[in-house]
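The block underneath contains the structure these notes are about, expressed in structure tokens.
A note on names: the letters A, B, ... follow the listed sequences, proteins ahead of strands, and every chain is numbered from 1.
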Amino acid sequence: MIHPTPRLRFAPSPTGALHLGGARTAMYNWALARSLGGAFVLRIEDTDQARSTDESLQIILKGLAWLGIDWDEGPEFDAGDRTNGGGEFGPYFQMQRLDRYRETAAQLLASGHAYRCYCSTERMEKVRAEQKANKSTFLGYDGHCRNLTDDERTAYEEQGIKHNLRFRMPVDRVIVVHDLIRGEVEVNTKQLDDWVMVRPDGVPLYNFACVVDDVDMLITHVVRGEEHFLNGIKQNLVFEALGHECPEYAHIPLILNQKGGKLSKRDPGVKSTLEYRDLGYPPEAVFNYIALLGWGFSADRDVFTRDEMVAAFKIGSVGKAGAKFDVTKLHWMCGEYIRQWSAEQCLVRCRQWLLSELPEESWDKHAGWLRNVVACYQERVQVLSEFPEKIQWLLKDPELDDAACKSIKKRSDSKQWFKGFADLLETLPMAASFPADRGDADEAVRLPTREGQPEPESSFATPAALERAARQWAEEQEIKFGHFVGPVRAALTGTNKGPGFFDVVFLLGKEACVRRLRKQAEL
RNA sequence: GUCCCGUUCGUCUAGUCCGGCCUAGGACCCUAGAUUUUCAUUCUAGUAACAGGGGUUCAAAUCCCCUACGGGAUACCA
């Protein structure tokens, strides 16, 4: 048997956000395509005209691009570093493929696989209600128009009644499908009704359009959510009616919310993909996390790159059970990625969150200082949107929080220390405070200060120089260094958390340190 | 109602296909300790699971059956 080029597709309908479940489906398709050396196609299923919007389309495209899921064929999209889309099997919007559906529908009508149905929505509702009332084991179309005579059809037409097209399902036939995840599953067509392929207005419905496109686009593998499992059976029969072989199917379980229920927009922590972007989640981390929902990279590793995932990905090893979404682990994963970056990389990534608090010009003017600020918080944040709040104390004199007040009150000598330490700082060649020009103070110093690193040389007081001066002073004053740091940090930063004490003093600069110490000394 | 799928630490999972290497491994969370000027990071240690019941077998998390529970489907949505 000839093995065709693997071609996979993700086929979203642009009727809303790309939530993480959809993103994961796209990712599994993408990963399988990449690992097989095949093509990844993005097809837009916009036949539900009432709900499809261009806005949703853009959200989906941006969401995929943000996660680094690139497509070989599909809508064209400029992702900055590359252009996705295009391709010779287009158009990739279903509403632009109506001719193909029309042709194929005519073919199926002619071959008897489809028939015209004149039943009204009202009648269908009534049939359905009766079936429920009778506790029927079968719910669905009753086949009213399945065997209409020509005369009956003509009569309907003459009354001006529009028809839709239904697929004639085989009666009582067992369909065996081989699913890459579920294995062999048997379904009896008794469960399925004659479903609608084409609406009265000529617009096709999902199960029909999907097959026509999968045939035309030479799709070889279909990876999608398990809510489509039964659709797979219906589609199977359309492929058969059309004389084509079925693609391989893989139905992946859904992502569940923390309670084990279906993911919905109301669930906390379960948002549209772009919301994660806007909250400063690193895309690599989100990618990594959702890959893990239903799949294991290896027995002892959870953190891996896109390339590593592609190399390791096997669709058959995706689990059959639904996975619950755990925001806490996502957050841990984010922190893990942020810590992997160099300080410089982190700075660039943080740009928008820093500039939300700072004048644009400070990006260049205080480049070194910002680099050091970011570096000090790199191991203290999990999402980048934490930055604005974290750096407030550097920008304006802080209100003291409870822990800070407590820390100051704990030592009866606090206020004397503030005054004395302020006096000391005034004698040192310290860098100025933001927004004043700090000269090249930040050029030589690379924060955070770590044990054992060589001491930088600078005409300014470095954290190491500050520490020497402070320790010596404390010794002369017979102050226990450990006692002194807590209250002073509180006075300087307004809290008892944060970077190393001398990094704090260094970053804050002379004027602000002295001002805050004297202010607290007098309260 | 009917049909399909599932169920390993609180959570994500490894192991299940081809029963013995499983006194069930890793990660998140939590707890304790170490390091530290705080917080964080880092490191060490600890708690914690084969849904229940029957079989088959010398041997079952792994195979079979039943029950319970969960998810999905049952649209002129996708």
Could you tell me which nucleotide pairs with [N] by Watson-Crick or G-U wobble geometry, both distances under 3.5 Å, or answer none if nothing does?
N: B:C21; answer: none
N: B:A68; answer: B:U7
N: B:U38; answer: none
N: B:G46; answer: B:C30
N: B:A73; answer: B:U2

Quiz item: Between the side-chain atoms of A:N231 and the base atoms of B:A73, is any donor-acceptor pair under 3.5 Å?
Solution: no

Taking only the [atom1] atom of each, what is the distance from [N] to [M] in whole angstrom?
N: B:C17; M: B:A51; atom1: P; result: 15 Å
N: B:G15; M: B:A61; atom1: C1'; result: 8 Å
N: B:C66; M: B:A45; atom1: P; result: 45 Å
N: B:U16; M: B:U23; atom1: P; result: 15 Å
N: B:C64; M: B:C5; atom1: P; result: 12 Å
N: B:A59; M: B:A78; atom1: C1'; result: 49 Å
N: B:U56; M: B:C65; atom1: P; result: 15 Å

Assign [X] to base, sugar-phosphate, or nothing according to its heavy-atom contacts below 4.0 angstrom with the strands shown.
X: A:N496; result: base
X: A:T25; result: nothing
X: A:G486; result: nothing
X: A:C119; result: base
X: A:P12; result: nothing
X: A:T328; result: sugar-phosphate
X: A:R51; result: base
X: A:P253; result: nothing
X: A:H228; result: base

Self-check item: Close approaches to RNA chain B from residues 173-184 of chain A, in residue order (heavy atom, under 4.0 Å)
Solution: A:R182

[X] side-chain proximity, nearest of [options]:
X: A:R489; options: B:U7, B:U37, B:U13; value: B:U37
X: A:L139; options: B:A27, B:U74, B:C39; value: B:U74
X: A:N164; options: B:A27, B:A40, B:C76; value: B:C76

Rounded to the Å, how far apart are [X] [atom1] and [N] [atom2]?
X: A:F481; N: B:U37; atom1: CZ; atom2: C1'; answer: 5 Å
X: A:D326; N: B:C9; atom1: CG; atom2: P; answer: 15 Å
X: A:W332; N: B:U11; atom1: CH2; atom2: C1'; answer: 13 Å
X: A:Y289; N: B:C28; atom1: OH; atom2: P; answer: 13 Å
X: A:I233; N: B:U74; atom1: CD1; atom2: P; answer: 13 Å
X: A:N188; N: B:C3; atom1: CG; atom2: C1'; answer: 10 Å
X: A:K329; N: B:C29; atom1: NZ; atom2: P; answer: 9 Å

Quiz item: In this structure, are over 12 heavy atoms from other groups packed under 6.0 Å from A:D201 atom CG?
Solution: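 It does: A:D201 CG has more than 12 such atoms within range.
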
Practice problem: Could you tell me whether A:E389 atom CD has more than 12 heavy atoms of other residues or ligands within 6.0 Å of it? | Solution: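 Atom CD in A:E389 is not crowded, with 12 or fewer foreign heavy atoms closer than 6.0 Å.
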
Within 45 degrees of the ring normal and closer than 6.0 Å to the centroid, is that where the cationic atom of [X] sits relative to [Y]?
X: A:R166; Y: A:Y141; result: yes
X: A:K271; Y: A:Y276; result: yes
X: A:R182; Y: A:F229; result: yes
X: A:R43; Y: A:F93; result: no

Quiz item: With a 4.0 Å cut-off, would you call A:E308 and A:R301 a salt bridge?
Solution: yes

Quiz item: Any salt bridge between A:R516 and A:D397, counting N to O under 4.0 Å?
Solution: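 Yes, this pair counts.
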
Quiz item: For A:F502 and A:G319, take the nucleotide of RNA chain B holding the closest heavy atom to each; which residue's nucleotide lies nearer the 5' end?
Solution: A:G319

Exercise. Would you kindly compare A:E451 and A:V185 by the position of their nearest RNA chain B nucleotide and give the one closer to the 5′ end?
Key: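 On the 5' side of the pair lies A:V185.
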
Any side-chain N or O of [X] under 4.0 Å from OP1/OP2 of [N]?
X: A:T47; N: B:A78; result: yes
X: A:K320; N: B:G6; result: yes
X: A:R471; N: B:U37; result: yes
X: A:K324; N: B:U11; result: yes
X: A:R199; N: B:C77; result: yes

Quiz item: Between the side chains of A:T495 and A:T493, is a donor N or O closer than 3.5 angstrom to an acceptor N or O?
Solution: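 Absent: no donor and acceptor within the cut-off.
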
Quiz item: Hey, do the aromatic rings of A:Y206 and A:H228 have their centres closer than 6.0 Å?
Solution: yes

Would you be so kind as to tabulate the donor-acceptor pairs closer than 3.5 Å made by side chains of residues 290-297 of chain A, with sequence neighbours excluded?
unit_1, atom_1, unit_2, atom_2, d
A:W295, NE1, A:S317, OG, 3.3

